[in-house]
Colleague: 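To start, I am sharing the structure in question, which I have written as structure tokens.
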Amino acid sequence: MNKTLPFTFFKIHPKAILLEWQQEPNSDLLHELNCFKEKIKNHFKEFSQITQGYCSLLIQLKSNIENSNKINNELILLHKNINTNKSDKISKHWSIPVLYEKLFGLDLEYLSIELKLSTEKIISLHTKKTYNVYFIGFLPGFLYLEGLDSRLFFTRKKTPRLKIPKGAVAIGGKQTGIYPDQSPGGWQIIGNTPIKLFKPNDKKPCFASSGDTLSFYPVSFEQYTVILNSKNQSPYLKSKK
Amino acid sequence: MIEILQLGWHTTIQDLGRFGQQSLGVPISGAMDLNAFNWANKLLNNDPNDACFEITIKGPILKFHRATYITITGAKVRLTLNKDHIEMYKPISIKKGDILHISNTTVGCRVYIAILGGFQTETVLGSKSQFKGLTFNDRIDKKSVIAINKIPFVTKLAGIKAHLIDYSNINLKVYIGPEYHLLNTSSRNSLKIKQFTISSQNNRMGYRLNEKIKQQLPEIWTAPTLPGTVQLTPEGTLIILMRDAQVTGGYARIFQLTDDAINLLAQKSTLDQLKFEIIRYKE
């Protein structure tokens with residue numbers, strides 16, 4: 001069955017239109033957004049680019065939108081014709097090594113107390129799940145992951161840290177993610193990955209893309225150091241399953 | 001080449017920005033005041049995307065090791081070439097060995113220096129705009145030695161009159177944002193009437209404002225943002241995203257600055273005042 005979900009339009013800028021789905025993010029919606037994205041890219045001649053959120057798409061055009069109704073109707077038609085059963089994109093699975101350890105997981109002990117879970121339990125809940133790579137945003141190569149175990153949901157820090165270390169694996173609300181570079185941020189840090197998430201001079205700067213899946217596996221300090229210093233990190237990204 | 005004899009406060013290389021990379025989480029970047037930037041290139045008959053210096057508040061002292069032409073636009077500064085006073089918004093002939101002094105800004109806070117053919121620095125993901133983690137340097141430092149092209153100057157555009165923005169204007173024109181409708185009447189009114197102050201937390205990523213809005217809006221599922229998006233945090237703080245801003249955010253988006261309003265705000269700094277003026281789309 002090819003069932004698609006309703007969305008709303010919002011003109012956010014003279015050259016940009018925002019599409020929003022009023023619901024909780026989930027795998028079906030993600031799949032639909034990715035199918036729709038491909039249709040949109042191929043449809044508009046004046047297309048500039050498209051960015052994604054959990055429940056939204058932002059379409060940026062090269063020139064001012066003169067007739068919103070016309071574009072909205074075109075989008076409705078495009079949306080009707082997407083076939084969510086069929087997808088040309090092959091999604092990949094990535095396994096990310098993480099050192100879950102006090103020195104790197106700055107908030108691991110704090111979360112353990114607040115969530116009333118042992119650090120071992122937090123690590124096992126975090127590594128057992130397969131996450132959807134929902135989209136990339138915030139910073140170059142920052143992957144927004146969906147699928148966090150609800151037992152690990154935890155609010156962001158009231159006052160964000162000024163410096164979150166590069167590679168920090170963290171929990172923010174119902175989300176988990178990895179900081180690709182040192183930056184300010186309010187998420188709770190539970191570990192660190194030696195994997196480089198963004199290489200600006202590579203043909204494909206970020207290995208993952210929206211629609212892929214990802215999981216974490218624990219590594220020792222020795223393994224962490226080996227991966228950090230290895231020139232080719234791709235063998236460590238392979239699926240453990 | 002150009003040598004940096006003395007550093008200013010914060011000088012970066014900027015062009016029009018990085019496009020088509022936002023789905024990788026890469027900010028657009030580019031010159032904060034695109035109007036002044038565009039004029040700097042236009043007056044030299046440069047390519048519109050040629051890289052310029054963007055100087056913030058305090059200018060550097062530069063030494064030119066090759067004859068060329070430059071144009072300086074944007075915030076008001078006093079310029080001295082060797083010992084002679086020179087004018088802004090005009091092509092200036094530079095001889096080998098010339099030393100340029102740029103004073104602190106008096107009106108506005110960002111100055112652009114365009115050079116004939118643009119500054120020849122590294123291109124990353126289609127742009128020369130410096131950004132931490134993407135380009136080798138995220139700003140010009142004292143060790144920076146910047147290459148320039150040797151190309152002939154075509155004078156046909158010399159003498160053209162630049163369109164200047166009045167940097168003392170405090171009204172920022174905005175469109176309403178996707179979460180604006182969640183605000184109650186009293187919050188909407190205070191946004192329309194209130195005069196806001198720019199906090200000391202203002203940079204190329206964004207400007208935080210001092211005054212808070214009483215109403216608290218919930219966080220949203222992380223969603224796309226643009227340069228010029230005005231966010232309202234759950235604590236009631238307003239943050240205006242600028243050119244280096246993240247491409248997605250989790251705060252309510254209540255306004256969107258017009259492109260001209262972003263250029264105007266780019267010339268404002270700590271303790272400057274501003275007001276929002278809501279406008280509608282022309283269709």
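Everything numeric in this text was worked out from a predicted model, so none of it was measured.
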Colleague: Would A:Asp202 and A:Lys204 pass as an ion pair if we require N to O under 4.0 Å?
Modeller: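 No salt bridge links A:Asp202 with A:Lys204.
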Colleague: Among A:Arg156, A:Lys199, A:Lys174, which residue forms the greatest number of heavy-atom pairs with chain B at distances under 4.5 Å?
Modeller: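 Going by pairs under 4.5 Å, I would pick A:Arg156.
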Colleague: Looking only at heavy atoms and a cut-off of under 4.5 Å, which of B:Ile176, B:Asp259, B:Thr222 has the most pairs with chain A?
Modeller: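 Max contact count across the listed options: B:Thr222.
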Colleague: Check B:Asp50 with B:Lys128, please: is the shortest side-chain N to carboxylate O separation under 4.0 Å?
Modeller: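 No.
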Colleague: Counting only non-hydrogen atoms closer than 4.5 Å, does A:Ser183 touch chain B with its backbone (N, CA, C, O), its side chain (CB onward), both, or neither?
Modeller: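 When you check distances to chain B, no heavy atom of A:Ser183 falls under 4.5 Å.
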Colleague: Among B:Gln246, B:Gln22, B:Gln256, who wins on heavy-atom pairs under 4.5 Å with chain A?
Modeller: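 Of the options given, most contacts go to B:Gln22.
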Colleague: Tell me whether the rings of A:His79 and A:Phe7 are parallel (<30°), tilted (30 to 60°) or perpendicular (>60°).
Modeller: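 Answer is perpendicular, since the angle exceeds 60°.
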Colleague: With chain A, which of B:Gly250, B:Ala223, B:Gly177, B:Gly133 has the greatest number of heavy-atom pairs at distances under 4.5 Å?
Modeller: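 Maximum pair count with chain A is reached by B:Gly177.
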Colleague: Verify whether one side chain among B:Asp33 and B:Tyr167 offers a donor that lies under 3.5 Å from an acceptor in the other.
Modeller: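 Short answer, yes.
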Colleague: So, B:Tyr180 versus B:Phe255, ring centres under 6.0 angstrom or not?
Modeller: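 Yes: the rings meet the under 6.0 Å criterion.
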Colleague: At a 4.5 Å cut-off on heavy atoms, which part of A:Ile50 comes close to chain B: side chain, backbone, both, or neither?
Modeller: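 Backbone of A:Ile50 only, per the 4.5 Å heavy-atom cut-off to chain B.
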Colleague: Answer yes or no: is there an ion pair linking B:Arg253 with B:Glu179, defined by an N-O contact shorter than 4.0 Å?
Modeller: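 Between B:Glu179 and B:Arg253 there is a salt bridge, with a charged N closer than 4.0 Å to a carboxylate O.
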Colleague: Most heavy-atom pairs under 4.5 angstrom with chain B, which of A:Phe142, A:Tyr134, A:Phe135?
Modeller: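 Of A:Phe142, A:Tyr134, A:Phe135, A:Phe135 has the most heavy-atom pairs under 4.5 Å with chain B.
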Colleague: So that I can tick it off, tell me whether B:Glu283 and A:Lys11 are bridged by a salt bridge, with the cut-off set at under 4.0 angstrom between side-chain N and carboxylate O.
Modeller: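 Yes, this pair counts.
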Colleague: What part of A:Leu139 is in contact with chain B, defined as an atom under 4.5 angstrom from a non-hydrogen atom: side chain, backbone, both or neither?
Modeller: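 Answer is backbone: N, CA, C or O of A:Leu139 sit under 4.5 Å from chain B.
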Colleague: Contact part of B:Leu24 toward chain A, heavy-atom cut-off under 4.5 Å: side chain, backbone, both or neither?
Modeller: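 B:Leu24 touches chain A through backbone and side-chain heavy atoms alike.
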Colleague: Report which part of A:Lys166 has an atom under 4.5 Å of a heavy atom belonging to chain B: side chain, backbone, both, or neither.
Modeller: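 Neither; nothing under 4.5 Å.
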Colleague: For A:Ala16, which atoms come within 4.5 Å of any heavy atom of chain B: side chain, backbone, both, or neither?
Modeller: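 When you check distances to chain B, only side chain atoms of A:Ala16 fall under 4.5 Å.
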Colleague: So, are B:Glu54 and B:Arg204 salt-bridged, with charged N and O less than 4.0 Å apart?
Modeller: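 Looking at B:Arg204 together with B:Glu54, the answer is yes, because their closest N to O distance falls below 4.0 Å.
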Colleague: Measure distances from A:Gln182 to the heavy atoms of chain B and classify the residue's part below 4.5 Å as side chain, backbone, both or neither.
Modeller: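 Interface part for A:Gln182: both.
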